[in-house]
Amino acid sequence: MDMKTTDHRVLLGNEAISRGLVEAGCQFMTAYPGTPSSEILPAVIEFKKELGLNLYAEWSTNEKVALETALAAAYAGKRTAVAMKQVGLNVAADPALSAAYIGVVGGLVLIVADDPGLHSSQTEQDSRLFALFSKIPALDPSSPQEAKDMVAQAFALSERHQLPVMLRPTVRVCHSEQSIECKPVDAPFREADFEKNPRRWAATPRARMALHQQLNQKLAAIEKEFETWPGNHAFFPTGSTTQRAPLGIVAAGVSYAYLNDMLHSLGLADQLPVLKIATVYPLPRALVENFASRCERLIVFEETDAAVELQIRLSIPVWGRLTGHIPSHGELTPGVIEKLLVAATREAGLVPTERAANRMQDAVAGLELPIRRPTFCPGCGHRSVFYSLRRAFPEAIFPGDIGCYTLGLNQGSVDTVHDMGASISMASGFYHAYAQDGKTPPIFATIGDGTFFHSGAAGLENAIYNGARFVLLVLDNGTTGMTGMQPTPEFGKTADGHAGGIVNLETLIRGCGISYLEHADPHDLATFQRVLLDALDHTRAEDGGVAVVLARYACVTQMKGLGPNRTAVPVEVHHGTRPRAPDAVSALDAPWMPRHQDRLSPCAEACPAGNDVERLMTLAAADNWTEAARTLYAEHPFPSTLGRVCPHPCESKCNRNAYDGALSINAIERMAGDRGHSAATFATRGQTLGKTVAVVGGGPSGLAAAYHLARIGYGVEIYEALPEIGGMLRWAITEYRLPADVLERELEVFESLGITLHTGIRLGKDMAWSELDRFDAVYLATGAWKQRQLKIAGEDRAGVLSGLDYLYQVRAGQAPELGAHVAIVGGGNTAIDAARTARRKGAAVDVYYDVLLAIPEEVTAARDEGIVLHHAVVPVRFAAGETSRLKLYLRDLAVPQAGAGRDAPVFSTETSEADSVLICIGGDADLTYLSESDLAVNGRLAVDAWGRTGQPRIFAGGDASSAGAGTVVGAINAGKRAALAIHERLGGKAFDAAALQLGAGPGIATSIASSAAGSMMANSSPRARQQQSAPDATAIKLQFFRKKPRAESRHRAPNDSIWNFDEVNFGLGSAEATAEAGERCFHCGVCTHCDICVNVCPTEAITQVDGAYRIDQSKCTACRICAAECPRSAITMPQTGVCIACGYCTTWFECPSLKKGADGLVDIDRRTCIDCGMCIQVCAQGAIRPRQAQQMEVRT
Amino acid sequence: MKCQTIIAGVGGQGVLFAAKVFTEMAKRKKLRILGSQTFGMAQRGGSVMTHLKIGEFDSPLICEGDADLLLGLDCMEAHRTLPYLHTRRNGTGAVCVVNAPDAQAFPDRRVAELLDEMGVVVHSCNADAVALRMKTPMVANLVLLGFGSSREHFPFTYEEVCEATAALSGPSQRAVNLAALEYGRAL
C-alpha cells in the first residue's frame, strides 16, 4: 500500500489499535502477551515491515519490565506504547503508579485489554478502576474504529499534559473485526533526547509531594478538556422539550455499541436520551450533570465494573451495579442488556417492543449438550506430563501455573492456579506448612518456560533460600503457546524476528541455586516416572532440596506436527470380541475383572530346596529372624549350610539381576539360619504312625529325607558308613566354607527328632542287605564317593591322588603331604575346594580343567588366593619329572591340534611339573552293597522324580541315584521328594505332584503350594497360591524401584585367609541383611499392600478391608490400570486387547482425537490425530495399538 | 444487504478461515462488516463461535433470535448455537448449513419440529467424510461452504465463495481449497 493514501481494511480491534499506533508516529513499543491483548504488538510489527518503519518493538519478559522499558523511551521523548492484559497491569502496578506522578515527555499510551466474562483470564478486574486508583487518564473505546482513533488522541493528550494515558479496550473490541479507515503513515521521526532532571526523574519523597500536587492539577485540566471531547456526546430525542425524560442512558465502551443495535430492535431508537462516554477517567462531571438535568433517572451501561457510575454524584436515581440494577459480575452481552433495558424502560414507564420468547433456548437446553472444555492439543507434550504425574503420584499436591498447561486440571494433576509464577512459591508454602507438622507429602509444581522467564526465578530463589523441598517441573516447549507462539528469551529470536541474546533456561535455573536438575522425556511413561521418583527422592534425601526436572518437547501447534525427535506412531483402536474368555458367560464377568492374586516369585521357583524366598525377604526386612528361620525349616533343616555352600540359582533368576544386581538371597538365608533359632527349636516329631524307615547314608539327601519323615511321624534310623553323619557337608566341603560348629548346630535337630543314628556302619560290609527287611521302607542315599578315573597314562603313579579322598583326609586329620606344587584336575566345586585346601597347606596350586562348573564366587576367591586356573587345558599323560616330581603332558583344548580331531592321540609339547596331582572330576556311586542288581542302571540307582525305584519298598536319591544331586541343595530336594513318596506309599495317601511343584522350577515346597499338599506336613502353614507362573523382569514396573547396589558379603582378605581354615566369608551384617531385603526385594508377584492400586484406581473401586483389598465390582470399569501399575505383578487380570468402553482414556488422558461413541467405545479421530502414539501407553487393556500391527499375544 | 451469520465449530476446525471467506466476500461487495471471534482457551479444542454481521450494525455480537445463517462445522456446536437463528421474517426463514455424519445426527429429533415451525432451512452433509477422502481432513470447512453456497437461500453465491477463497489461499493451497469447494457443491 502507498503510505500516502487512505484505504479501508477489515481489521481486528487489536490490529486497528496497532494501525492507530503507527499512524500516530509511535516509535517504541513493548508488550507482554496475554489474551485479549496479544495481537497488538505482532500487528505493529507487520505494519512496520509493510511500511519499512523505524520502530522498536519488543516482547518484554514481563509487564513490569515492559512498562519500565517504555517509560525510559518516553522520558527520552519518543512516542511510546505498552500493551498487556488486565492482570498484567497488576504485575506492572509499581511502575504504573509512579509513572502518573513523574510523567513522560514523549507520549505514552498504556494499552490494557480487559476480559469481561473471563474468556481467558483469572479476574474480571476493571482496569479503568486501576486508572482511578493510579490517577492515570483512561479512554474506553466502543469499537475497533474508535479504538484506533483514540490512539492518536491519547498520544496528543499524553504529550499535552506529560502524563501516561490508558487506552482500555475490552475483549469484544479487541477481537471484533471491522472495516477500518487506514490513513497515511507519515508522522515525523523523533530522536532520543533525554534531558537530565533528577528532581523529576529521580524524585525523592519530598519532591514527590510536589509532583502529586501537579498531577492533581493536570487531572483537573484534563477533566475540563474531556467536557468537550469529540468522543463524548449526548443524544436527545428529536422534539424533546424541557420536560425531563423518564430514563436517560449513560454508556461506555462496547456496551454503547450493543445498546445502539438493541434500541433499534426494541423499537426504542431515538426515543431515549443517550450519553456516550469515551473518557472514563477523569469523568467530565459537568457534561454528565448537564445530561442528567434533562432526565428523571439514569441507567449506566459499562464494563467491567462501575468506574463511571462511581464518579457520578447526582440527586436523581442512578441505576447501575452499585444499585443492583446491573449484575456485578459477568459479561454485559447484548442478551443481558436487552433484559436490563426492557426492565428499566418498563420501570420508567415506557413500552418496549418485546420479542417473542426464544423457544429454541429451552429446546436446546433439553438436549443437555455437554460443555466442551478446552483440552491440550492432540499430541501435546503437556498432556503426557500431566497424565504421567497423575498416574504415578495420585496422592501428590500439584501447584500449577498460568499457561496452556493450566489444562493439566483435566488430567487431575493441577491443584492450584493462582497467578504467574505462583506454582513455585506455593510449592514452598505447601512444603513448609506440612513440614511444620512433620509431614512431607509429595509436591510437584509445574510451570512453563515462558512463565518461568516471566516470574519464576524469584520464587525459586526463595524456595532455595528458605530450604523448601519439592519437585519443580519446568515444561519447556520453547514458546508461549497459549497466547499465540510468542518467542521466549531462550532462543534469542526477538519479537520482530531479528537475532537477540540467548538466556539459557538451564543456566538460569541453576543460577537460582538449584543443584539437582534432570532432563526428562514425558513421552516414555515408565522412564519419565522413574525420573520423577528420583527427583522426589532428592526432595527427601538428607542433603536434598528442590529438584528440578526439565521436560523439553516442541509445541505441536507451532510445529504443525510432532516436531523433531519424535517418531510418528499411527495408532488404531481394536474392537470386536475378546480373544478368549475363560469360563466367561457375560461380557464383564469375573475372569475379566482384577483379582489380587499372589504369584510364585522367580527366586522361589528357582530354588531346588523349595524355600519361600519372598516370605524370607519380608521377614528379614522386618528383622524377624526367628520367623525367617521357621519359614525355611518348613522345607529343610540346613539354612546356615545352604547360606554358605549353595550355588544359589535363586539369585540367577532374581528379576533385579539386569537392573542393579541380584538380591543377596544366599547371604540372607545364612543370616536366617545363623540368627534364628536352630531347627531343633521348631521341628517336632509328628504323631507316630507306627511305621519305620531306614535311611542309608547320612549325607544331605538322607538327612533331608529323615528330617521330613520324622516330622510326619515315622520311626527313622540312619545308617552311615563314616564315623559321623553329614556326608559331603562334613567330609568334602572345606571348613573355611562351612565351619564345623555351624554344621554341628544344624545336625542337632536329628537327635531332637528322635532319629536313631548308626554311624560307622557300611551297608554290605558292616551290615547285610537283609537287615533292611525289618523296615517298612528304605531310602538309599549313599552318595558318589568313588573317585572317577581320567583314564590316561600315568594315572596310577605315586602322587596322583583322589581329590575327594584328600578332602576327607584333611577333615579327618589324616592329610597326606602333597609337596610344594600341586596340580588339580577338574573344574567343579570339589576341584576348587581341593585347590584352596592345598593352598592353605602351603602349596602353589595350578588347576586344569575342561569346563568350569564351580560357583563363580569360589572361583574368584581361588584366583585371589593365588591359585592359577588353566582354562580348557587338560592333562593327557602323567610321567616322571625331575627328582620325585610328576611331569604333566597338557593339551590346550582351545588350540586346534594340527592334523587331528579333538580326541585324537596327539600330544602337545606343553608340559608342567608338580609334586602331586589331585583328580577332582566327580565321583561314582559305590553300589557293591546291592544284592539285587535290577535297582541299578549304568552304575546308579534308577529312580523317578520322586525317588521311586523298581521296588515299591525301596527309594533312592542324591548322588547315588540316576537323578543325581550335583549340589547340596539338589540332594535336599531329592530327600524331600523321597520322604513324600514314602509317606504316600506307607500312609496310602496320594499327593498332588502338580500342587507341590514350584512352577517350572526344580523344587517342590510344602509351604508355598496349595493347601492340599501342605496338609501332609505337620507344622506347615502353606500359602495358597493359585498362580504358579512366576513374573519375569518385564512384568515388574521398574520405575517404582530405586536403584541400589547389591549388598555384598565381606570376605577375609586372601593374604590372611590362605594361612588357616578359618571361615573366609563373613556374610552380611545384620543391619545390611535387613536393609538388603527391605529396600531391594521386588516381592515379584506378591502383594505387599503398597496401596498403589488403591491410589491409581480412577473410580475408587479398590479399598482395603481388614488388611485385604476388596474390589467393588459396581465401581470397577475394568480399565486395568491397577494391574498395569502394580509394581510387582500381583494383580491378575487378562488383557482384553479390544476396547471395552471403560472410559479411562477419554477421561484421564482426554485427547481430543480419542472420540467416544454413543456406545462408549473409543475410536481415533483421524482428522485431528497427529500419530504421537502416547495413547498406546495409556490403554492398559491393550486395545490401542500401533496401526497395522498383527494381533498381539494377550498377556495374562 | 444485512446478514447475520454464526459460524460454530471446535478449535482447529477452520472456523476462522471460513469467517475470513465471508469477510472477503463482503469486502468484494463493498459491504460493511463487523464480526467477533473467540481466541485463547477456546482454541484448545473448546467450542469456537464467530459472529459476522454484514451491513449496517454497531454491535459486533449477534443477539439470540437474530441470525440469518448458521454454518455448523460440528454437529454438537451447531445444536448449541440454534437459539441464535431467527424465526421466519417476511416469509423468509433462516438457513442452517451443518456438517453432520448422517441425517440422524442433525437436526436432533427433539428440535427438528421447532426448526420446521420457525421456517429454518436445513442443509446438512458429511463434509468430514469428503475431506478425509481427499486426504486433507482440514478442508472440511470448505467442503461445507461449497455445499452450502450451492443450495437455496444461502446469502452468497458459489462463485462468490470461490473467488473469495481463491483470493485468501496461498499458491500451494489454492488448488486443494477450490477442489474442496467443488466436492462440496457436487454433494
Side-chain angles (χ1 to χ4, degrees), chain A residues 8-10 12-13 35-36 38-39 115 119-121 142-144 171-179 254 256-262 265 333-335 338 355-356 358-361 363-364 366-367 369-378 380 404 406-407 482-484 557 1152 1166-1168, chain B residues 10-13 19-20 23-24 26-27 30-48 50-53 56-66 74 76-77 79-85 87 108 110-111 113-115 117-118 120 128 131-132 137-138 140:
Chain A
H8 283 84
R9 298 185 184 190
V10 177
L12 270 185
T35 311
S38 308
E39 298 80 15
D115 188 10
H119 298 270
S120 188
S121 298
S142 65
S143 67
V171 61
R172 298 297 181 186
V173 173
C174 295
H175 289 163
S176 286
E177 277 183 323
Q178 197 179 15
S179 291
V254 78
Y256 173 74
Y258 298 157
L259 184 78
N260 269 353
D261 282 7
M262 192 52 62
S265 66
T333 57
E338 179 178 5
R355 294 199 286 181
N358 190 330
R359 285 188 291 151
M360 190 54 93
Q361 275 175 346
V364 169
L367 298 180
L369 300 171
I371 299 292
R372 211 188 286 264
R373 59 180 182 179
T375 59
F376 293 122
C377 305
C380 177
C404 284
T406 302
L407 295 173
M482 184 90 239
T483 48
T557 300
R1166 304 228 180 275
R1167 294 175 305 173
T1168 53
Chain B
V10 180
Q13 278 190 325
K20 272 190 183 159
T23 309
E24 181 67 22
K27 238 174 84 176
K30 304 248 184 290
L31 295 168
R32 274 190 59 181
I33 186 138
L34 195 58
S36 186
Q37 305 179 350
T38 345
F39 284 74
M41 283 290 211
Q43 285 181 306
R44 307 282 173 261
S47 308
V48 176
T50 288
H51 295 221
L52 277 170
K53 297 169 92 169
E56 295 300 314
F57 293 101
D58 281 349
S59 159
L61 292 183
I62 298 171
C63 266
E64 294 198 345
D66 277 353
D74 172 278
M76 197 207 292
E77 297 311 315
H79 278 117
R80 209 190 298 283
T81 40
L82 284 180
Y84 281 94
L85 291 175
T87 309
D108 187 290
R110 287 166 288 180
V111 296
E113 201 179 314
L114 185 53
L115 277 173
E117 234 175 86
M118 288 165 64
V120 174
D128 280 331
L132 265 180
M138 298 314 293

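Per chain, numbering begins at 1; letters A, B, ... match sequence-line order.
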Flag the one option from D66(B), L132(B), L85(B) with the top tally of heavy-atom pairs under 4.5 Å to chain A. D66(B)
Heavy-atom donor-acceptor pair, R9(A) side chain to S179(A) backbone, under 3.5 Å: no
Counting N and O atoms only, with roles assigned by atom type, does the side chain of D261(A) sit under 3.5 Å from a partner on the main chain of D58(B), one being a donor and the other an acceptor? yes
Is a side-chain donor or acceptor of K53(B) paired with a backbone partner of L61(B) at a separation under 3.5 angstrom? yes
Name the region of Q13(B), side chain, backbone, both or neither, that has any atom closer than 4.5 Å to a heavy atom of chain A. side chain
Return the option, out of N260(A), V254(A), V10(A), L367(A), with the maximum number of heavy-atom pairs under 4.5 Å with chain B. L367(A)
Proximal component of L115(B), with respect to chain A [non-hydrogen, under 4.5 Å]: both
Which one of R80(B), M118(B), E56(B) has the most heavy-atom pairs closer than 4.5 Å to chain A? R80(B)
What part of P370(A) gets closer than 4.5 Å to chain B, counting heavy atoms only: side chain, backbone, both or neither? both
Whether H79(B) side chain and L369(A) backbone form a donor-acceptor pair below 3.5 Å: no
Selection from E338(A), R359(A), M262(A) maximising heavy-atom pairs under 4.5 Å formed with chain B: R359(A)
Thinking salt bridges, do D115(A) and R172(A) make one under a 4.0 Å N-O criterion? no
Closer than 3.5 angstrom, by distance alone: can the side chain of H175(A) be matched with the main-chain N or O of S36(B) as a donor-acceptor pair? no
Between chain A and each of A140(B), C63(B), A131(B), count heavy-atom pairs under 4.5 Å; write down the option with the most. C63(B)
Could you check whether T50(B) and Q37(B), counting side-chain N and O atoms only, form a donor-acceptor pair closer than 3.5 Å? no
May I ask you to name which of T81(B), T87(B), D74(B) has the most heavy-atom pairs under 4.5 Å with chain A? D74(B)
Counting only non-hydrogen atoms closer than 4.5 Å, does E117(B) touch chain A with its backbone (N, CA, C, O), its side chain (CB onward), both, or neither? side chain
